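As the structure is a computational prediction, the values presented were derived from the model and not from experiment. Heads up: numbering here begins at 1 and tracks the sequence.
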Amino acid sequence: MASSTVTTPLSSLTGVIERITFHSEESGYTVARLNTGNVNQLITIVGSFANLQAGQTLQLQGQWREHSQYGSQFQVVQYKETKPATLTGIEKYLGSGLIKGVGPVTAKRIVKHFGLDTLDIIEHQIDRLSEVTGIAQKRIAMIQRTWAEQKSIKDVMIFLQSHGVSTTYAVKIYKQYGEGAIATVTTNPYQLAIDIFGIGFLTADKIARNVGVAPDSQFRYRAGVLHVLDKASEDGHCYLPESKIVPFAQELLTTEEHEAEARSIVGILSEMVREEQLVREQHEEPLYYKPSFFYSEQHLAQLLLKKLETSLEVDSERVKSWINRYTASRRIKLSPQQYLAVEMAAQKPVMILTGGPGTGKTFSVRTIVTLWKAMGKKIACAAPTGRAAKRLTEMTGIEAKTIHRLLEFDPSKMGFKRDGDNPLDYSAIVVDESSMVDLFLAHSLLKAIPDQAQILMVGDIDQLPSVGPGNVLKDLIASEKIPVFRLTQVFRQAAASAIITTAHQINRGQIPQLEPVAMKTTSDCLWHNGGTEPEHGVQTICDLIEYYIPQAGFDAATDVQVLCPMTRGLVGTRNLNKVLQQLINPPSEEVTELVRGDSILRTGDRVMQLKNDYNKEVFNGDLGMVMNIDQTEKEVVINFDERDVIYDYADLNEITLAWATSIHKSQGSEYPVVILPLYTQHYVMLSRNLFYTGLTRAKQLALIVGSEKVIAIAVKQVKQQMRYTRLKQRLEIR
């Protein structure tokens, strides 16, 4: 017997958005309050919306629902924006943040002058805005430009929203494609995954299905293969073998109505190789690289091998004599390991210096730099992050730069000015925190180093590998082609630090004996039994920051960094950032606040950059502080290492709150105080080198929160994740 479906008829509502209660940037899901004419009886509406702002007038169609907790709600199925019909609505609409150049105060003035004709004036006679006090021609031009842009953006947004795209990226999509945005998205939705930061294959695939792209199209399969390789690179891999890439792609491309077959994917891989979209190397099985990964890895190995062949004319007896005089004059003593490292630094074209905390890396580097100066060398010092560069400056007395700044990135050609054709003008280069240097940065650096210049790579091989692809420092050491000097002796002064002794215990696989948190202790590494439940951990962290930290003489706003194994969960960075923001930087009259969906940004907030932005010269992992939020110009000023950088509102998805950050993102940084929560919630990430890396970020005080059981798990788990790289093998060819 055939069943019949009863369709509930849609109801209609028209009203003005009074306020937005909740908005998810990811899904566009929104909860808002609608004023249909009776301000005392606002209606709750829920649904997915494009760029919804207070003050907008909407015609809605949908169905009434009864929520068990929140009562009657109107579930929006579709909507259309109309012009606001009241003076209050127009004022709210203009001052909502929609139009650059118009803030709440300016909106009030404009509406007071033009009344209900305001929007028609802006649309057709915008020059009349000069009649309003305080609006100059420059401001009028800005308003005109953004008004026209908003009309186009709105078309794009509604189109994207109808295809399930997050509204967060609409402005970026418009900036990328301009008037051709809808045509581009309709023709090749997978292009979004390539061009727009934050949009991945899954979102593009959803659009593709909505606009009618077949699930077995070559377009889709090629995009899927590239997505699999991109995801692999996020885990540090430079390539994937066929036995990995095929099942991953199958899983990704299979849908309810279409099953992706292995032979089809192998066929697509071969076509992509023929068309030079991929590079295939045959070993025990085929290996597939994106071309930039393959050629960077291959050329980096060639550059290093060539560098190793460089002959340096050095009188070793004179070097020894200098070291002896230098140490005697300063009444210092080098360990045998340090002595040999300094001696060899004068003679080797490439050298690696590694060792854990307290083993004398800093003193060794300082001595090597002094020796190079005495030899008349022109020296450059560089590190992957601004904070690491600052420490290197303090260590050597030479102004250090980030590697990106040393190589002089040129935004106009999206590349570095310094390369093989325009090499650096130095004869000796120190690169600190080398474990953080990924494949592409290492390749760019080696290309720019002159043939006769020496390079000293300094780093702790026991830390986590680079966030980016490759495992450069480990591969160089494992190849046994590069001279490596590993410092292992912990000096007496350093051994007095519980942070250092605990770090070495962790590295040896020993469960550390930690003192409990107490006010009168002299230990700089303490443990607080934060229980086994994440909720208890969150409360413990808050109590430490609110009570213990100030009594211990530290400032929670500037000195403390919470480092988490993961982003997810109650004791992950996402939740802790919201909790700590309310605790450390709560709302007040002195603080300007910007609400973006379900996230809040305030002046005084600590934030982190999430991607390399070469135009702003701000890089993935850089920490800054929000200095100003301009609600009229729609700009946010963030200070990074004493340099102010301006962000347009549309670019704010490049930053995130950083009261809590992941341990991976903390590499190369040091903080006066580190709070390290360890919970079984993070079991999949807990490992010895993760624990070690997080702990060694603390300069003056480390506070470990969690049960003894979880600390033991972290110490015992050795998860040196294998990365698919062939740099080691390429170096071993000769």
Open item on the list: Could you tell me if the side chain of F619 sits less than 4.5 Å from the side chain of Q609, heavy atoms only?
Closed with: no
Task: For D462, the option from R486, R508, R688 that meets salt bridge (charged side-chain N to carboxylate O under 4.0 Å, His left out) - done: R486
Open item on the list: Using the ring centroid of each side chain, check whether F409 and F416 are separated by less than 6.0 Å.
Closed with: yes
- [ ] Of all the heavy-atom pairs spanning Y679 and V710, show the shortest one and how long it is.
- [x] N-CG1, 3.7 Å
Open item on the list: To check you understand the geometry: which heavy-atom pair defines the closest contact between R606 and A556, and what is its length?
Closed with: NH2-O, 3.9 Å
Open item on the list: Between V636 and L594, does the side chain to side chain contact (heavy atoms under 4.5 Å, CB included) criterion hold? Intermediate values first, please.
Closed with: CA-CA 9 Å; V636 175; L594 173 63; 4.3 Å; yes
TODO: Could you pull out the closest heavy-atom pair between L676 and L563, with the gap in Å?
DONE: CD1-O, 3.4 Å
Task: Side chain proximity check, L701 to L526, heavy atoms < 4.5 angstrom - done: yes
- [ ] Count the heavy atoms of every other residue, nucleotide or ligand shown that sit under 6.0 Å from CD of Q510, and state whether that count exceeds 12.
- [x] yes
Open item on the list: To the nearest 0.5 Å, what is the distance between CG on L446 and CD1 on I455?
Closed with: 5.5 Å
Open item on the list: Under the criterion side chain to side chain contact (heavy atoms under 4.5 Å, CB included), I'd like the reasoning laid out for V607 against L601: C-alpha separation, chi angles, the key distance, then a yes or no.
Closed with: CA-CA 9 Å; V607 294; L601 195 66; 3.8 Å; yes
- [ ] Specify the closest pair of heavy atoms between T393 and A400, including all atoms of both residues, with the distance to one decimal.
- [x] OG1-N, 2.9 Å
Open item on the list: Contact between Q505 and I511 at the side-chain level, heavy atoms closer than 4.5 Å - yes or no?
Closed with: no
Open item on the list: Treating W659 as the side-chain partner and A557 as the backbone partner, does any N or O pair qualify as donor plus acceptor under 3.5 Å?
Closed with: no
- [ ] For salt bridge (Lys or Arg N to Asp or Glu O under 4.0 Å), just list the numbers for K361 and D432, CA-CA rounded to whole Å, side-chain angles, deciding distance to a tenth of an Å, and then say yes or no.
- [x] CA-CA 10 Å; K361 284 200 308 294; D432 199 13; over 6 Å; no
Task: Passing candidate, side-chain contact (heavy atoms from CB on, under 4.5 Å) with F691, options I711, L686, I663 - done: I711
- [ ] Check whether any side-chain N or O of S662 sits under 3.5 Å from a backbone N or O of K665 as a donor-acceptor pair, and report yes or no.
- [x] yes
TODO: Check the pair F248 / L229 against side chain to side chain contact (heavy atoms under 4.5 Å, CB included), numbers first and verdict last.
DONE: CA-CA 10 Å; F248 288 158; L229 284 171; over 6 Å; no
- [ ] To the nearest 0.5 Å, tell me how far I713 CD1 sits from T680 OG1.
- [x] 7.0 Å
Task: Exceeds 12 heavy-atom contacts within 6.0 angstrom, atom NZ of K611 - done: yes
TODO: Check whether any side-chain heavy atom of R391 sits under 4.5 Å from a side-chain heavy atom of E433, and report yes or no.
DONE: yes
Task: Salt-bridge criterion met for R643 and E617 (N-O under 4.0 Å) - done: no
Open item on the list: Counting only heavy atoms from other residues, nucleotides and ligands, does the tally under 6.0 Å from NZ of K390 exceed 12?
Closed with: no
TODO: Using atom types as modelled and distance alone, determine if a side-chain donor or acceptor of H237 lies under 3.5 Å from a backbone N or O of Y724.
DONE: yes
- [ ] State the NE2-OG1 distance between H664 and T567, to the nearest 0.5 angstrom.
- [x] 11.5 Å
Task: Note, Y671 side chain near R387 side chain (heavy atom, < 4.5 Å) - done: yes
- [ ] Say whether, by atom type as modelled, one donor and one acceptor occur between the side chain of S479 and the main chain of L476 under 3.5 angstrom.
- [x] yes
TODO: Return yes if some donor-acceptor pair links the side-chain N/O of S434 with the main-chain N/O of V431 below 3.5 Å, else return no.
DONE: yes
Open item on the list: How long is the straight-line distance from CD1 of I704 back to CG of L678, given to the nearest 0.5 Å?
Closed with: 7.0 Å
- [ ] Could you tell me whether the side chains of Y289 and E297 share a donor-acceptor contact shorter than 3.5 Å?
- [x] yes
- [ ] State whether K231 and E234 are salt-bridged, where the test is any N-O pair (Lys NZ or Arg NE/NH1/NH2 against Asp/Glu carboxylate O) under 4.0 Å.
- [x] yes
Open item on the list: Under the criterion side chain to side chain contact (heavy atoms under 4.5 Å, CB included), I'd like the reasoning laid out for R726 against L287: C-alpha separation, chi angles, the key distance, then a yes or no.
Closed with: CA-CA 10 Å; R726 287 191 55 79; L287 314 178; 3.6 Å; yes
- [ ] Taking all non-hydrogen atoms of both residues into account, name the closest pair between T696 and P357 and its distance.
- [x] CG2-CG, 3.9 Å
TODO: For the residue pair V484 and I461, establish whether any side-chain heavy-atom pair is separated by less than 4.5 Å.
DONE: no
- [ ] Verify the neighbour count for atom CZ of R568: are there more than 12 heavy atoms of other residues, nucleotides or ligands below 6.0 Å?
- [x] no
Open item on the list: Given 3.5 Å as the limit, does a donor-acceptor pair link the side chain of T693 with the main chain of Q463, or not?
Closed with: no
Open item on the list: K616 vs E654, test: salt bridge (Lys or Arg N to Asp or Glu O under 4.0 Å). Steps then yes/no.
Closed with: CA-CA 11 Å; K616 296 187 184 79; E654 292 183 8; 3.7 Å; yes
- [ ] Just do the side-chain hydrogen bond (donor to acceptor under 3.5 Å, both in side chains) check on N577 and Q581 with the steps written out, would you?
- [x] CA-CA 6 Å; N577 267 316; Q581 182 190 47; over 6 Å; no
Open item on the list: Determine whether a donor-acceptor pair (N or O, by modelled atom type, separation under 3.5 Å) exists between the side chain of K401 and the backbone of L406.
Closed with: no
- [ ] Give a yes or no answer on whether the side chain of Q561 reaches the backbone of E670 with a donor-acceptor pair at less than 3.5 Å.
- [x] no
Task: Main-chain N/O of G509 paired to K716 side chain as donor or acceptor, under 3.5 Å - done: yes
Task: Distance in Å, L576 CG paired with C542 SG, rounded so as to fall on 0.5 Å steps - done: 7.5 Å
- [ ] Kindly indicate whether the side chain of L253, heavy atoms from C-beta on, has any atom under 4.5 Å from the side chain of F201.
- [x] yes
TODO: Find out whether E515 and C525 are in side-chain contact, i.e. whether some heavy atom of one side chain is under 4.5 Å from a heavy atom of the other.
DONE: no
- [ ] Locate the shortest heavy-atom distance separating I499 from Q700; write the atom from each residue and the value.
- [x] CD1-C, 4.1 Å
Open item on the list: Would you say that more than 12 heavy atoms from the other residues, nucleotides or ligands in this model lie under 6.0 Å from the CD of E399, or not?
Closed with: no
Open item on the list: Tell me whether R602 contacts the main-chain N or O of N585 through its side chain, where contact means a donor paired with an acceptor under 3.5 Å.
Closed with: yes
- [ ] State plainly whether the residues D475 and R723 are in salt-bridge range, i.e. N to O under 4.0 Å.
- [x] no
Open item on the list: Please check if the number of heavy atoms outside E593 that lie under 6.0 Å from its CD is greater than 12.
Closed with: yes
Open item on the list: How long is the straight-line distance from CG of L473 back to CG of D438, given to the nearest 0.5 Å?
Closed with: 12.5 Å
